[in-house]
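Taking it in order: structure first as C-alpha cells, then the write-up.
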Number of protein chains: 2
Amino acid sequence: MYKENNLSKNQQIIFDLINKSSEPLKAYTILFSVQKKGIKAPPQVYRALDKLVETGKIHKIESKNAFVACRNSNCEISKATAFSICESCEMVDEISDTKLSKYLSGFNHKKGMKFKRFNLEFFGICKKCKKD
Amino acid sequence: MYKENNLSKNQQIIFDLINKSSEPLKAYTILFSVQKKGIKAPPQVYRALDKLVETGKIHKIESKNAFVACRNSNCEISKATAFSICESCEMVDEISDTKLSKYLSGFNHKKGMKFKRFNLEFFGICKKCKKD
DNA sequence: TTAAAATTTGTTATAATATAACACTATGTA
DNA sequence: TACATAGTGTTATATTATAACAAATTTTAA
Ligand SMILES: [Zn+2]
Ligand SMILES: [Zn+2]
Ligand SMILES: [Zn+2]
Ligand SMILES: [Zn+2]
C-alpha cells in the first residue's frame, strides 16, 4: 500500500490537504481538518509535515509557520526555496526563477562557509491587493 | 531619559543583551536574563523585540525564532536581510554584500508583485565546524 | 520464511513561543 | 495645561511544537 507513491497513509492525507489548498496551512488548521480521518493529535501532524518537508513535497514558510506544497519539481529536495508573500492578503507564491536560483546557489559567504541550502522570503503587496 | 538614544528603558536593556551576545537569543532566554532588571513577563520582552525589529536594531532569524543585533547600519530598517547559519554549531552571521543586496532588491516577481522587503537565510557548515 | 531493523502510527502529557486585554505611567507636542 | 502617543506592568490565555512510550506496519536481507 505504501509503495505505490512512497507516502505513508498520514503523509498522503496531509499532503493532499496542503496540495489542494490555495493558501499556506498551519499545523493546527491541518489537525482540525483531518480529525475526521483519524489523525487526532499534534505529533501525527508534525511527523508527517517533517517528512514531507524533508522529501521536498512541501515547504515551510518560516515567517508564517505555515506549509505549502512545492510547485517546482520538489526544489532539489528543498535545497533552494524562494517565496513571494503579500503583506496585505497573506498570499504566498513559490518563485521559480532559474537565474535567481543559480545566482544564490553560487553565492558563497566570504568567511569560508559553503552553503548547502537557502530559503528566501520576499514581502510586498500583490497585484490583486494593489488594485483594491 | 528616553531622548538620549531613542530607546526606552526596556528596549535598551534588551538591545544591550542581544547586542553583546555572540549568538542569537530566544525570547524566553532573554526573559530569564532580564528578570533581575525588573522585566518579568513575556509581553514586556515581545514588545521590546517588536520595536527593535521595526527600527532595524535587531533582526529575527525566522528559522530559529531567535534574535540578533544588526551588524550592518540597521539594514535600511530591516528591508534587506541575509544570514548564514551553521547547521552544526548554530552560529549565525549577518551577511553584508552589496552585490547580493542590490541583486535581490532589484528582483521583481513576474506576476506583478513589487517587493518591499526580503529575508534570506543560507544554511551550511561553517569553517570552524568543517575542521572538527 | 522468517527474524531483525527501520519506519510509521497512536496516545498522553508537556514544553516553547507568542498574544489579548486591561489599568496605568511617562513622554512629546501644542 | 491638556491632549495624544508611546511605553510599562500584570494576569491570563492562545498558538506552535516536542518528549516519551507502546504498538503496528513495512522493508531488508539472512
Ligand atoms: Zn519547491
Ligand atoms: Zn495581496
Ligand atoms: Zn542588519
Ligand atoms: Zn559551525
Side-chain angles (χ1 to χ4, degrees), chain A residues 1-18 21 23-68 77 90 92 119 121, chain B residues 1-18 21 23-68 77 90 92 119 121:
Chain A
M1 172 191 205
Y2 289 0
K3 245 197 198 147
E4 291 152 28
N5 56 11
N6 81 6
L7 292 184
S8 75
K9 178 167 139 285
N10 289 358
Q11 288 161 19
Q12 187 70 59
I13 290 169
I14 287 172
F15 175 72
D16 287 344
L17 185 70
I18 296 172
S21 170
E23 58 185 14
L25 295 180
K26 297 185 152 242
Y28 277 74
T29 305
I30 292 167
L31 176 56
F32 291 125
S33 298
V34 297
Q35 278 184 333
K36 64 198 84 165
K37 303 211 170 178
I39 296 174
K40 289 177 182 154
Q44 295 175 288
V45 172
Y46 281 101
R47 283 190 295 226
L49 289 172
D50 287 350
K51 194 64 173 186
L52 290 167
V53 166
E54 210 178 292
T55 57
K57 307 282 286 183
I58 66 172
H59 303 302
K60 182 174 186 180
I61 309 301
E62 296 285 359
S63 62
K64 299 168 78 70
N65 299 315
F67 299 85
V68 294
I77 312 178
E90 310 270 280
V92 172
N119 179 56
E121 300 183 5
Chain B
M1 173 194 206
Y2 290 359
K3 242 192 198 151
E4 291 153 29
N5 54 13
N6 82 9
L7 291 184
S8 74
K9 178 168 139 281
N10 289 357
Q11 288 160 20
Q12 189 69 59
I13 290 168
I14 287 173
F15 175 72
D16 288 345
L17 185 70
I18 295 172
S21 170
E23 56 185 15
L25 296 180
K26 295 183 155 245
Y28 277 75
T29 304
I30 292 168
L31 177 56
F32 291 124
S33 298
V34 297
Q35 276 182 336
K36 64 199 80 161
K37 304 213 169 176
I39 297 175
K40 289 178 180 155
Q44 295 176 286
V45 172
Y46 281 101
R47 283 190 294 224
L49 290 172
D50 286 350
K51 193 64 173 185
L52 291 166
V53 166
E54 211 178 292
T55 57
K57 308 283 286 180
I58 65 171
H59 304 302
K60 182 174 187 182
I61 309 301
E62 294 286 359
S63 61
K64 299 168 79 68
N65 298 315
F67 301 84
V68 294
I77 311 176
E90 310 270 281
V92 172
N119 180 56
E121 300 183 4

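Numbers restart at 1 for each chain; the letters A, B, ... are given by sequence-line order, proteins then strands. The figures that follow rest on heavy atoms only: side chains count, while hydrogens, waters and symmetry mates do not.
In this structure, A:Y28 counts as stacked on the base of D:dT16 under the 5.5 Å centre distance and 30° plane angle limits.
Along DNA chain D, the nucleotide nearest A:A27 and the nucleotide nearest B:G38 are compared for position; the residue whose nucleotide lies closer to the 5' end is B:G38. Projected onto DNA chain C by closest heavy-atom contact, A:P42 and A:R47 fall at different nucleotides, the more 5' of which corresponds to A:R47.
Here the closest non-hydrogen pair linking A:I58 and A:F15 is CG2-CD1, 3.9 Å. Taking all atoms of both residues into account, the shortest heavy-atom contact from B:K57 to B:L7 is CE-CD1, 4.2 Å.
The distance between atom CD1 of A:I39 and atom P of C:dT8, rounded to the nearest whole Å, is 14 Å. Going from atom OH of A:Y46 over to atom P of C:dA13 covers 19 Å, rounded to whole Å. For the pair B:N6 CG and C:dT27 C1', the interatomic distance rounds to 14 Å; values are reported in whole Å. Here C:dA18 presents its C1' atom at 16 Å from NZ of A:K64, a figure rounded to the nearest Å. In this structure, the CZ atom of B:F15 is 16 Å from the P atom of D:dG7, given to the nearest Å. In this structure, B:D50 places its CG atom 11 Å from P of D:dG7, rounding to the nearest Å. The distance between atom CD1 of B:I30 and atom P of C:dA16, rounded to the nearest whole Å, is 16 Å. Separating the NZ atom of A:K51 from the C1' atom of D:dT26 is a distance of 13 Å, rounded to the nearest angstrom.
For A:P43, the side-chain atoms get nearest to C:dT11 when compared with the rest of D:dT10, C:dT9, C:dT11. Set against D:dA17, D:dG9, D:dG7, the side chain of B:N10 has D:dG9 as its closest nucleotide.
A:K60 has no side-chain polar atom (N or O) that falls below the 4.0 Å cut-off from OP1 or OP2 of D:dT16. Look at A:K9 and you won't find any side-chain N or O under 4.0 angstrom from OP1 or OP2 of D:dA24. Phosphate contact (OP1/OP2 of D:dA6, side-chain N/O of B:S8, threshold under 4.0 Å): absent. Phosphate contact (OP1/OP2 of C:dG10, side-chain N/O of A:Q44, threshold under 4.0 Å): present. The side chain of B:N65 contributes no N or O atom lying less than 4.0 Å from OP1 or OP2 of D:dT16. Listed pair A:K26 / D:dT15 fails the phosphate criterion, with no side-chain N or O lying under 4.0 Å from OP1 or OP2.
Remark: side-chain polar atoms of A:E121 are paired, donor with acceptor, to backbone N or O of A:E62 under 3.5 angstrom.
Annotation: side chain of B:L17 is not in contact with side chain of B:I13 (no heavy-atom distance under 4.5 Å).
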Report all side-chain donor-acceptor pairs from residues 37-51 of chain B shorter than 3.5 Å, counting only partners two or more places apart or in another chain.
residue: B:Q44; atom: OE1; partner: B:K40; partner atom: N; Å: 2.9
residue: B:Q44; atom: OE1; partner: B:A41; partner atom: N; Å: 3.0
residue: B:R47; atom: NE; partner: B:P43; partner atom: O; Å: 3.4

